[in-house]
Amino acid sequence: MSLEPQIAVTPVHSPSSGRKWGRGVSAVFGFAATVFLTFLGLLAITFFIGRVIPIDPVLAVVGDRASNEVYEAARVAMGLDQPLPVQFFHYVVNVFSGDLGQSVSTGRAVVEDLSRFFPATLEMATIGIIIGVALGVPLGVIAASRQGSVIDQIIRVVGLLGYSMPAFWLGLVGLALFYARLRWVGGPGRLDIFYDGLVSPVTGLLLVDSLLAGEPEIFWNAVTHLVLPSSVLGFFSLAYIARMTRSFMLDQLSQEFVTTARVKGVPERVVIWRHAFNPIRVPLITVIGLSYAGLLEGSVMIETVFSWPGIGNYLTTALLNADMNAVLGSTLVIGAVFIFINKVSDVLYRVLDPRAR
């Protein structure tokens with residue numbers, strides 16, 4: 001048995017770990033402050049646009065046949081008689097408390113309407129961006145690796161069509177061909193009419209809710225209705241993603257480290273997908289994020305053509321009815337999505353690129 005004294009060793013925290021923890025906390029606070037200030041700026045823009053455009057929100061509520069007394073009473077009740085800074089303060093307080101006002105078009109709270117309509121747009125745009133990324137990235141890589149070939153020219157023409165073809169025209173052609181003539185896909189709307197209302201909304205995403213409810217028949221019916229509008233959106237995102245991927249890859253393939261790898265006898269597949277493609281993942285994240293946000297914001301035409309009950313269709317109806325609460329609420333949600341996707345892209349940028357940390 002050893003008689004040597006036992007010495008307790010107390011772990012010592014190095015100063016470097018404390019500095020790293022401090023940098024992490026400051027980064028989190030900086031991120032939160034940036035998001036807050038950006039969202040506050042978005043609130044200011046939407047508020048003042050709502051006050052500048054030549055639409056009287058009081059007339060939208062009381063009608064153009066209301067008396068002056070009724071008009072003034074509604075104006076006071078809506079707080080429009082107060083100074084603009086006071087109105088903006090109340091607007092900010094209401095937004096942060098989850099109150100976006102009442103919709104004239106539907107008679108419901110705007111928050112309730114957006115919780116119904118936004119998941120439909122989110123579902124369609126998500127499938128669309130998956131299609132765009134799954135096809136656009138490989139096509140861009142192939143076009144760059146075979147620059148000047150027939151395949152490269154075909155892919156560039158496809159990208160040009162995606163940029164120049166009107167969305168509503170492509171949607172109408174798709175409905176006429178794949179739905180009316182070939183019967184390969186479902187028609188307008190999210191479901192056939194006899195399935196409507198059979199699945200209780202949980203997430204608002206019909207594919208998810210039908211699986212949660214154990215209704216595979218409704219799930220596949222929703223897929224047949226979703227595939228065409230999502231493919232149209234996916235085609236437009238594919239064109240943009242393929243073009244940007246090709247541009248990034250051409251820049252990387254001309255670098256010296258790629259030439260060195262080829263001289264060393266590295267297989268061409270490894271040169272393209274490991275040496276040349278890995279460095280472009282970081283800028284591609286920004287491209288994909290912007291494309292996704294663009295699909296969420298720019299799906300108005302597609303939703304109109306396909307009678308899709310999404311936020312674009314809701315926004316269009318609100319504009320036609322001069323429903324300013326619904327217009328501002330929809331604009332606010334779309335802007336918030338842009339902010340969120342942009343910040344997620346920044347985080348992924350830092351994760352994949354150590355130089356940005």
Side-chain angles (χ1 to χ4, degrees), residues 31-62 71 74-122 124-125 204 289-304 308-346:
F31 177 83
T34 303
V35 172
F36 175 78
L37 291 176
T38 306
F39 187 71
L40 193 62
L42 175 65
L43 287 177
I45 292 173
T46 55
F47 172 79
F48 287 107
I49 286 177
R51 296 302 184 269
V52 168
I53 59 176
I55 295 178
D56 192 343
V58 181
L59 286 180
V61 175
V62 301
Y71 179 88
R75 184 168 177 269
V76 172
M78 296 171 66
L80 297 178
D81 61 322
Q82 300 176 350
L84 280 180
V86 177
Q87 293 183 39
F88 178 66
F89 174 76
H90 290 304
Y91 177 68
V92 172
V93 172
N94 290 335
V95 168
F96 278 103
S97 63
D99 181 13
L100 297 178
Q102 200 83 4
S103 171
V104 177
S105 306
T106 64
R108 296 187 297 262
V110 174
V111 172
E112 181 183 349
D113 285 340
L114 293 176
S115 67
R116 293 185 180 189
F117 294 115
F118 182 69
T121 300
L122 180 65
M124 180 174 62
L290 292 176
S291 181
Y292 186 34
L295 293 186
L296 288 170
E297 177 261 343
S299 59
V300 176
M301 282 295 181
I302 298 300
E303 291 184 3
T304 302
W308 196 262
I311 193 171
N313 213 341
Y314 177 69
L315 178 58
T316 303
T317 304
L319 284 169
L320 293 176
N321 294 329
D323 188 355
M324 289 310 302
N325 286 335
V327 171
L328 294 180
S330 302
T331 305
L332 199 60
V333 168
I334 293 172
V337 168
F338 264 92
I339 294 173
F340 175 75
I341 293 178
N342 190 33
K343 293 306 176 184
V344 169
S345 300
D346 289 344

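For this chain, numbers begin at 1 and follow the sequence in order.
When atom types are taken as modelled, the side chain of Gln82 and the backbone of Gln87 share no donor-acceptor pair closer than 3.5 angstrom. With Trp308 contributing its side chain and Ala120 its backbone, the two residues share a donor-acceptor pair below 3.5 Å. Judged by distance alone, the side chain of Thr46 and the main-chain N or O of Leu332 form no donor-acceptor pair under 3.5 Å.
The shortest side-chain heavy-atom distance between Tyr91 and Leu328 falls under the 4.5 Å cut-off. Side-chain contact between Val111 and Leu114 is absent, with no heavy atoms from C-beta onward closer than 4.5 Å. Contact of the Glu303 side chain with the Thr316 side chain is not registered, since no non-hydrogen atoms from C-beta on lie closer than 4.5 Å. Contact of the Ile334 side chain with the Leu296 side chain is not registered, since no non-hydrogen atoms from C-beta on lie closer than 4.5 Å.
Closest of all the heavy-atom pairs between Val110 and Gly329 is CG1-CA, 4.2 Å. Of all the heavy atoms in Ala336 and Leu42, the pair that sits closest is N-CD2, 3.5 Å. In plain terms, the two heavy atoms of Ser103 and Asp113 that are nearest each other are CB-OD2, 3.5 Å. Counting all heavy atoms, side chain and backbone alike, Val337 lies closest to Phe118 at CG2-CZ, 3.6 Å.
In this structure, CG on Leu100 lies 8.0 Å from CG on Asn325, to the nearest 0.5 angstrom. Of the inter-residue distances, the one linking Ile341 atom CD1 with Leu290 atom CG reads 8.5 Å to the nearest 0.5 angstrom. Here the straight-line distance linking atom CG of Leu37 with atom CD1 of Ile339 works out to 10.5 Å at 0.5 Å rounding. The CG atom of Leu315 sits 9.5 Å away from the CG atom of Leu320 when rounded to the nearest 0.5 Å.
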Note to self: Assess the residue pair Glu112 and Thr106 against the criterion (side chain to side chain contact (heavy atoms under 4.5 Å, CB included)); give the C-alpha distance rounded to whole Å, side-chain angles, the decisive distance to 0.1 Å, and a yes or no.
What the structure shows: CA-CA 10 Å; Glu112 181 183 349; Thr106 64; over 6 Å; no
Item checked: side chain to side chain contact (heavy atoms under 4.5 Å, CB included) between Leu40 and Leu43, intermediate numbers included -> CA-CA 5 Å; Leu40 193 62; Leu43 287 177; 4.3 Å; yes
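Between Tyr314 and Phe117, the two ring planes are parallel [angle under 30°; tilted spans 30° to 60°].
Two rings, from Phe39 and Phe96, have their centers less than 6.0 Å apart.
In the displayed structure, Phe89 atom CZ is contacted under 6.0 Å by at most 12 heavy atoms of other residues, nucleotides or ligands.
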